[in-house]
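Here the structure is a predicted model, which means the values were calculated and not measured. Numbers for residues simply follow the sequence, beginning at 1.
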Amino acid sequence: MALSWNEIKDRALKFSKEWANTSKEEADAKPFLIEFFKVFGITSRRVSTFEHRVKKLDDKDGYIDLLWKGTILIEMKSRGKNLDKAYAQATEYTHGLKEHELPKYVLISDFENFRLYDLENPEQETYISFAINELVNNVQHFGHLLGYQKKVYKEQDPANIKAAELMGKLHDRLKEIGYTGHPLEVYLVRILFLLFAEDTTIFNKQQFQEYIEQRTSTDGSDLAPKLQELFQVLNTPKDKRFKNLDEQLAEFPYVNGKLFEEILPTASFDSKMRQALLECAYLDWSKISPAIFGSMFQSVMNPKERRNLGAHYTSETNILKLIKPLFLDELWAEFESIKGNRNKLPEFHKKLSSLKFLDPACGCGNFLVITYRELRLLEFEVLKALNKSGQGVLDVGQILGINVDQFGGIEYEEFPARIAEVAMWLIDHQMNMLVSAAFGQYFVRLPLKKAAKIVHSNALQTDWENVIPKNELSYIIGNPPFLGKSNQNTEQKADMEKVFFGVKGAGVLDYVTAWYLKAAQYIQHTKIKVAFVSTNSIVQGEQVGILWNLLFKQFKIKIHFAHRTFSWRNEARGNAAVHVIVVGFANFDIPNKSIFEYEDIRGEAQEIKVKNINPYLIEGRDNFVLKRRIPICKVPEMIKGSMPNDGGYYLFTKEEKDVFLYGEPNSKKFFRRFIGGYEFLNNVERWCLWLADSNPSEVKNLPLIMERIEKVKRNRLASNRPTTRKDATIPMLFSEIRQTNFDYLALPEVSSENRIYIPVGYVSKITIASNKIYMIPNASLFSFGILSSVMHNSWLRQISGRMKSDISYSSGIVYNNYPWPENPTEKQVKAIEAAAQKVLDVRLQFPDSSLADLYDPLTMPADLVKAHNALDKAVDLAYRPQPFTSEANRMVFLFELYERYTADLFTKEKTKKPRKKA
């Protein structure tokens with residue numbers, strides 16, 4: 001009885017395993033070839049002769065290692081020998097054979113590598129080449145040995161962006177003809193599975209491709225019903241299929257897994273659509289990782305994203321940054337400690353098979369797929385330790401403990417949700433092939449009886465207990481959506497309002513924070529651990545006090561590990577880097593925690609062991625810096641500059657001002673220098689029309705100014721903001737006027753993260769500061785010195801928000817909460833003032849250089865560095881006599897000082913008597 005292809009694959013694995021480890025000295029052609037033919041159920045008696053003597057062209061005798069007359073000639077060489085020469089020798093032997101003895105194929109091997117040549121295709125000089133451990137994936141090339149009709153297996157290109165484009169065309173055409181929505185998404189997921197299955201030994205090689213080529217018309221008219229019939233067959237057990245079923249259909253295995261269960265409307269194809277599907281089949285799907293499988297084809301649904309392969313893809317490196325400290329490192333450490341103990345290994349294996357994972361924003365399942373793969377790789381090592389050389393293993397399927405039903409996910413969109421489910425089956429199959437190769441048994445998990453539970457719904461409106469009960473769950477992982485408050489749509493804002501109901505100030509929070517709160521609620525009184533990738537803004541600025549105050553105090557959350565800001569970049573065209581963090585947390589504390597610090601946000605992390613991690617992801621107590629209207633110390637008030645809200649009609653470059661004055665010379669008195677953060681830092685000359693306190697009758701006689709006023713009015717009336725429309729009643733003025741009557745110290749709202757110091761400088765009162773500048777009117781040299789110090793800059797780097805990666809200063813968060821030196825002596829104050837003046841004096845030595853030039857770390861003058869170092873030392877001594885050894889050391893000190901200052905403030909507020917009514 002002929003062997004099935006699955007039986008042949010099983011034998012191929014055993015053969016490969018046995019002979020792959022044979023030494024060069026032990027390698028013998030005859031037993032090797034006898035075992036090779038046994039893979040296909042062929043006995044040596046059917047094979048004609050070993051060491052078949054033949055006359056060569058020079059009339060000398062030659063010996064063919066094996067000749068199966070009329071079928072195949074095999075020439076064996078020692079390991080590492082030249083296979084090209086071996087093939088030349090084999091072809092020379094054919095000249096001494098009779099016509100009926102001539103082989104159709106020549107097989108060359110050195111016991112490690114195979115080359116199969118088709119002699120009936122002389123114009124095709126290529127050959128099939130593979131290593132011995134890849135025989136299982138190439139058994140179909142030897143179908144002719146079993147009497148099967150010869151099949152031409154085309155060289156396949158790896159499935160890549162071309163595949164996404166081809167599938168995209170198919171998607172677009174089906175959508176054009178009216179095949180849309182849920183049926184279209186399920187239809188494409190099924191096709192993706194079929195394409196993958198025929199290249200990865202789930203099906204026979206190119207089985208799906210041949211079915212289309214041989215059973216459907218070239219015009220595509222019958223392709224849809226033929227696919228419908230195939231779907232039905234794949235969902236039907238073999239013993240329940242029709243007895244007269246087409247033999248080609250009957251060869252397909254029973255898949256189940258509900259993938260082909262739903263009866264879909266019949267689609268419609270034409271010749272171009274059929275060809276597009278075949279072109280997809282001509283690609284090699286075996287090389288594609290299920291980790292990128294889903295992300296790659298999420299782009300199928302969006303034509304704009306097809307040329308940006310990987311835009312949805314979270315790289316394996318970044319996923320490992322989350323799962324390794326969350327659980328994987330700990331599991332590997334446990335395994336290493338017991339791998340020699342055969343009594344403890346079974347219990348550890350049982351533990352692995354009991355772990356359950358949830359990704360409540362799973363997308364196409366990247367996190368689930370990589371987590372499953374890593375867990376299976378660990379299980380693989382356990383199995384090898386328990387079963388040395390595969391001894392005692394009768395059935396590989398019986399020793400596997402981990403399965404896809406240990407994983408669950410929630411996804412808002414249906415197509416990625418279904419993709420995630422299929423991707424989990426695919427990674428499961430790949431891991432089964434790994435185990436099969438190691439233990440010499442072919443094992444495929446068909447029919448599919450278990451599946452990852454991927455729920456298509458809004459995670460923020462879903463009870464996570466309905467996906468995986470929390471008494472069964474071990475870990476929550478994922479990469480929820482990165483959306484700031486201004487980028488949230490109406491539905492997302494409604495989600496935030498529901499999740500953060502009653503939480504004051506929650507309107508400023510990023511969308512991802514809702515997953516943090518849902519997770520915190522879900523894990524109460526459990527040992528579940530959570531880790532999310534997030535935008536770094538949730539551990540900066542005003543979001544910290546709102547989110548983490550809630551998580552720490554109400555839900556007793558403790559941070560177990562954290563990756564501080566790093567660049568989250570994927571290898572995709574046009575894919576901009578995002579600056580992110582990873583936070584691992586739980587509802588219980590642990591004694592030892594880890595912070596992963598990046599000296600270069602695009603580089604590798606350094607792990608730092610700490611006792612506690614605060615909401616700013618630095619070592620220290622769980623302190624929160626809340627937004628304040630007045631400073632916690634007795635220091636000058638910091639105010640924001642004026643906001644024009646003018647549509648640009650009151651702002652001028654020098655050239656624009658000159659042109660304007662040429663047409664309206666009498667308007668010169670109304671022009672004032674104007675600075676925002678960019679102008680201040682880069683010494684850019686900019687001007688504004690400043691009409692505050694102007695004489696209306698004078699202004700009315702200046703038509704060009706009146707024209708500008710009218711444009712500002714129209715611009716404000718067109719706004720969606722009620723306050724801006726209200727400002728249309730005073731179109732002559734900036735919307736918000738906060739200009740001081742004193743010279744002031746200016747500090748830019750946004751400054752590059754690369755600068756050691758945020759540049760601070762004195763500005764004349766006649767220069768109008770925009771809302772992108774913070775001002776301290778009539779500021780002392782002492783204030784300049786403190787704000788220019790590394791102490792203040794360390795504080796703002798940790799506490800401030802970010803504009804992308806750049807520092808975004810805030811008076812309410814940074815300045816008003818900054819702990820100034822406590823009761824500095826007159827000597828310390830004078831030392832700081834003298835050092836501050838020296839910084840200003842050095843700057844004056846470079847009149848042609850902007851502050852951006854002077855404070856660029858690459859171009860900062862040595863004298864200025866020296867002056868700042870002296871200032872830093874003077875400021876440090878005002879805080880304490882002991883030196884600060886690192887920025888982290890400074891922050892621990894500053895947080896302790898902040899806690900003392902704010903505790904004192906709280907006490908005063910509690911004892912303060914109510915004011916008497918006027």
Give me the atom names and distance for the closest heavy-atom approach of [X] to [Y].
| X | Y | result |
| --- | --- | --- |
| E198 | F203 | CA-CB, 3.9 Å |
| N204 | Q207 | N-OE1, 2.8 Å |
| F407 | T371 | CE2-CG2, 3.7 Å |
| I202 | P253 | O-CG, 4.0 Å |
| N82 | K85 | OD1-N, 3.0 Å |
| L283 | D199 | O-OD2, 3.1 Å |

So, the side chain of [X] versus the backbone of [Y]: is there a donor-acceptor pair under 3.5 Å, distance only?
| X | Y | value |
| --- | --- | --- |
| W425 | A452 | no |
| W285 | L192 | no |
| Q209 | Q206 | no |
| Y87 | V106 | no |
| R79 | E112 | no |
| R274 | F269 | no |
| K104 | G70 | yes |
| D110 | N113 | yes |
| R241 | A250 | yes |
| T216 | D222 | no |

**OP:** Taking atom NZ of K238 as the centre, report whether more than 12 heavy atoms of other residues, nucleotides or ligands fall under 6.0 Å from it.
**Re:** yes

**OP:** Check whether more than 12 heavy atoms from other residues, nucleotides or ligands sit under 6.0 Å from atom CD of E247, and answer yes or no.
**Re:** no

Straight-line distance of [X] [atom1] to [Y] [atom2], nearest 0.5 Å:
| X | Y | atom1 | atom2 | value |
| --- | --- | --- | --- | --- |
| K9 | L13 | NZ | CG | 10.0 Å |
| K339 | L345 | NZ | CG | 10.0 Å |
| L107 | F142 | CG | CZ | 5.0 Å |
| I427 | Y372 | CD1 | OH | 8.5 Å |
| L368 | L375 | CG | CG | 12.0 Å |
| L234 | L249 | CG | CG | 8.5 Å |

**OP:** Establish, for the pair R190 and F231, whether the NZ or CZ atom is under 6.0 angstrom from the six-membered ring centre and no further than 45 degrees off its axis.
**Re:** yes

Any side-chain heavy-atom pair of [X] and [Y] under 4.5 Å:
| X | Y | value |
| --- | --- | --- |
| V189 | F193 | no |
| N432 | V444 | no |
| L400 | L383 | yes |
| F15 | F32 | yes |
| H349 | E379 | yes |
| I323 | E374 | yes |
| R115 | D84 | yes |
| R373 | L377 | yes |

Subject >> Verdict with reasoning, L188 to R418, per side chain to side chain contact (heavy atoms under 4.5 Å, CB included) >> reply: CA-CA 10 Å; L188 287 175; R418 299 289 71 85; over 6 Å; no

**OP:** Specify whether F114 and F36 have parallel, tilted or perpendicular ring planes, treating 30° as the upper limit for parallel and 60° as the lower limit for perpendicular.
**Re:** parallel

**OP:** For the residue pair F252 and Y211, categorise the inter-ring angle as parallel (less than 30°), tilted (30 to 60°) or perpendicular (more than 60°).
**Re:** perpendicular

Strictly below 4.0 Å, N to O, side chains only: are [X] and [Y] in salt-bridge contact?
| X | Y | result |
| --- | --- | --- |
| D428 | R376 | yes |
| K77 | D65 | no |
| D61 | K55 | yes |
| D270 | R173 | yes |

Original post:
Going by atom types only, do Q89 and Y93 share a side-chain donor-acceptor pair under 3.5 Å?
Top reply: yes

**OP:** Would you sort out whether K205 and H141 count as a side chain to side chain contact (heavy atoms under 4.5 Å, CB included), showing the intermediate values?
**Re:** CA-CA 9 Å; K205 193 167 183 67; H141 293 301; 4.1 Å; yes

Subject >> Residues I191, L195; criterion side chain to side chain contact (heavy atoms under 4.5 Å, CB included); working and verdict >> reply: CA-CA 6 Å; I191 289 174; L195 292 167; 3.9 Å; yes

Subject >> Steps toward side chain to side chain contact (heavy atoms under 4.5 Å, CB included) verdict (L33, M76) >> reply: CA-CA 9 Å; L33 292 173; M76 300 294 300; 3.9 Å; yes

Original post:
For F380, which residues count as a ring pair (Phe, Tyr, Trp, His ring centres under 6.0 Å) partner, sequence neighbours excluded?
Top reply: none

